[in-house]
Protein chains: 2
Amino acid sequence: MSPRPTLRDVATHAGVSLGTASKALNKSGTLRSETRNKVLASARALGFRPNDLAQALHRGQSYTVGLISNDSFGRFTMPIMEGLEDVLHEAGIALFMCNATDDPEREKRHIDQLLGKRVDGLVFTGRRADRRPAPGLNLGGLPTIYVFSQSDEPGSVCLLPDDAGGARLATEHLLALGRGRIAHVTGPQDFEAVRLRHEGYRQALTGADRAVDPDLVLYGDWSEHWGREALHRLCALAQPPDAIVAGNDQIGRGLLEAMRERGLVAPDDIAVIGFDNWSVMAEAARPPLSSIDMNLRALGEEAGRRLRRMMAGEEIASTARLPCSLVVRASTDPTA
Amino acid sequence: MSPRPTLRDVATHAGVSLGTASKALNKSGTLRSETRNKVLASARALGFRPNDLAQALHRGQSYTVGLISNDSFGRFTMPIMEGLEDVLHEAGIALFMCNATDDPEREKRHIDQLLGKRVDGLVFTGRRADRRPAPGLNLGGLPTIYVFSQSDEPGSVCLLPDDAGGARLATEHLLALGRGRIAHVTGPQDFEAVRLRHEGYRQALTGADRAVDPDLVLYGDWSEHWGREALHRLCALAQPPDAIVAGNDQIGRGLLEAMRERGLVAPDDIAVIGFDNWSVMAEAARPPLSSIDMNLRALGEEAGRRLRRMMAGEEIASTARLPCSLVVRASTDPTA
DNA sequence: CTGAAAGCGCTAACAA
DNA sequence: TTGTTAGCGCTTTCAG
């Protein structure tokens with residue numbers, strides 16, 4: 001690294017004192033505009049860039065937040081990160097991401113590094129039921145927030161999409177389409193999101209005075225394969241469904257594919273809606289798959305706002321869920 | 001932020017001097033093991049963690065590398081990041097990622113922040129033909145490497161997958177299967193990767209004394225939709241192909257889907273191979289799609305090694321390409 | 001309006 | 001073997 005110029009270099013170059021140079025660059029104190037410009041010119045000439053490390057050391061604040069992701073594909077983390085970044089940037093805070101890939105060892109290492117770098121806040125992200133800082137690591141009151149993720153520590157601040165609300169939205173959409181037998185094909189029951197989405201599905205049906213038919217609720221894994229298999233099972237029923245809420249877009253897409261092969265048409269024979277609004281999947285499906293968007297970017301933004309408030313010393317209510325939205329495509333509405 | 005204990009606090013707590021505490025914690029100098037242990041105990045008791053900012057300020061090295069990603073989905077960046085991280089960690093270097101999402105403004109901001117934090121190295125990643133540090137930003141000799149990405153600056157260090165070699169591998173695989181009419185359905189021609197992969201395809205054919213039939217080379221976009229359309233076009237030829245090299249897995253999957261609908265069987269009627277080995281896509285295809293893996297994690301590791309050498313002052317040859325590997329699935333080999 | 005000096009937390013050279 | 005001190009680059013009083 002070619003030695004970067006220091007503030008002292010700038011001062012010398014401009015023929016002023018260190019303090020003066022500092023004032024000029026920080027617009028603090030009162031300076032003759034002549035001196036100010038002289039300093040600024042020198043700074044530019046030398047390619048000066050203040051050393052954040054020194055600044056942070058001085059003020060005891062790094063203006064930096066660390067993001068630890070356990071979502072190894074980045075599919076969920078990226079939009080969250082963008083939202084976070086936008087909001088933090090407004091406050092002059094930098095966001096750095098570390099990838100933990102669900103490896104506790106790695107995660108511990110990262111937390112350690114971030115603490116050493118004296119970050120002013122910490123964000124954890126990535127689905128994981130029982131998230132919590134690696135044991136033994138004392139975060140010492142560092143503002144911490146879990147986004148799209150949860151901690152089992154009492155009092156921790158978590159921000160999640162409203163899974164139940166999303167599923168309700170999906171189911172109500174199908175009800176509004178006049179569907180009477182609505183199935184739910186979803187992922188593994190040990191995911192909280194699966195249970196919540198089922199609850200939303202149930203609420204919507206109950207709200208419309210309809211009972212939940214247990215034959216129409218199928219748990220499996222998150223794959224397209226499972227979606228295909230589930231469709232065949234549903235079709236084997238005495239009374240097959242006329243609509244399906246899928247637990248995610250991959251399952252939804254599997255359902256649609258199996259339908260095509262059986263000569264069934266969506267939405268005429270069965271309307272299908274997914275969850276996640278993963279565009280690569282949803283848009284490539286035939287017909288394109290309606291879905292529930294978790295508004296992850298907005299989730300990130302809200303996380304950033306809360307974190308800022310926490311950094312300012314405010315106490316924050318422990319957990320919140322943000323609304324999902326409905327994205328209609330041809331699998332439920334041919335005119336979409 | 002509850003004030004973290006400083007080294008001085010530890011020293012006081014242990015009843016020794018500042019210098020002694022430092023020696024104890026850094027295993028430097030010679031200390032009585034008794035004092036050493038006393039200090040370590042105090043450090044643990046107080047939850048002491050050295051302030052990297054101060055350390056970095058002192059030694060003029062931050063032991064930190066910044067990664068700037070332009071891959072907004074993280075699909076390519078994540079594995080690269082893992083590889084990088086592993087190698088850098090061995091050298092006690094932390095890796096922080098910033099997301100630029102192909103927004104030059106954002107990117108500039110991030111470079112700025114990273115320079116301010118005095119990172120010891122910089123990595124750019126994410127497909128983009130004409131990458132280069134945002135104009136006017138003087139990196140001042142900071143070790144910089146482009147992975148899965150390129151800079152047009154002369155002498156810049158770039159590390160890429162061997163796209164041509166990958167396509168050659170794919171084509172040779174099909175040739176080895178005894179296929180005679182091999183098509184190439186790929187993405188937009190203005191991608192360098194598209195041109196290189198085509199070149200690899202050509203080389204393999206030429207190497208087997210076969211001519212390239214222009215009718216069998218189709219350019220489109222990277223979507224499944226294009227794959228489906230391309231298959232129909234190929235089937236309309238007087239002499240349809242008996243094998244296809246797809247430019248990526250999405251196109252490959254589109255080809256397979258359209259085949260199913262026409263009642264064609266892979267690999268019997270047409271063998272299909274993709275590129276990227278994006279497991280979500282490749283494994284969900286029917287039959288599962290053979291593909292070319294770009295070994296992104298290895299790419300990241302090699303980038304880390306090169307960066308370390310650069311940080312040590314070594315000069316590095318400007319550009320290198322790392323081999324891809326063949327992943328055989330049922331779309332070319334039913335026994336796979 | 002500008003300069004000098006202290007100190008953020010740490011390491012390393014030098015004294016004791 | 002341990003203590004003292006200077007200084008990394010910056011900001012911020014307090015003098016001049």
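Numbers restart at 1 for each chain; the letters A, B, ... are given by sequence-line order, proteins then strands.
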Are OP1 or OP2 of D:dT1 and a side-chain N or O of B:T35 less than 4.0 angstrom apart?
no
More than 12 foreign heavy atoms under 6.0 Å from CZ of B:R309: is that the case here?
yes
Answer yes or no: is there an ion pair linking [X] with [Y], defined by an N-O contact shorter than 4.0 Å?
{"X": "A:D52", "Y": "A:R59", "result": "no"}
{"X": "A:R109", "Y": "A:E105", "result": "no"}
{"X": "A:R4", "Y": "A:D9", "result": "no"}

Would you mind reading off the distance between B:Q61 atom CD and C:dT11 atom P, rounded to a whole angstrom?
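It is 14 Å, rounded to the nearest whole Å.
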Rounded to whole angstrom units, what separation is found between the CZ atom of A:R36 and the P atom of C:dC1?
13 Å
Less than 4.5 Å apart, side chain to side chain, heavy atoms only: is that true for A:D112 and B:R49?
yes
Does A:E34 form a salt bridge (charged side-chain N to carboxylate O under 4.0 Å, His left out) with A:K38? I'd like the steps, not just the answer.
CA-CA 6 Å; A:E34 198 182 312; A:K38 200 167 46 174; 5.9 Å; no
Under the rule for salt bridge (charged side-chain N to carboxylate O under 4.0 Å, His left out), what residues qualify as partners of A:E315, not counting sequence neighbours?
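Scan of A:E315 (salt bridge (charged side-chain N to carboxylate O under 4.0 Å, His left out), adjacent residues dropped) gives none.
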Taking the axis from the first five pairs and the axis from the last five, what angle separates them in the helix from C:dC1-D:dG16 to C:dA16-D:dT1, rounded to 10 degrees?
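It comes to 50° between the two terminal axes.
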Quick one: what's the B/S/- string for nucleotides 8-16 of chain D, heavy-atom cutoff under 4.0 Å, read 5' to 3'?
BBBBBB---
Ignoring hydrogens and angles, state whether a donor on the side chain of A:T101 or A:N99 is under 3.5 Å from an acceptor on the partner side chain.
yes
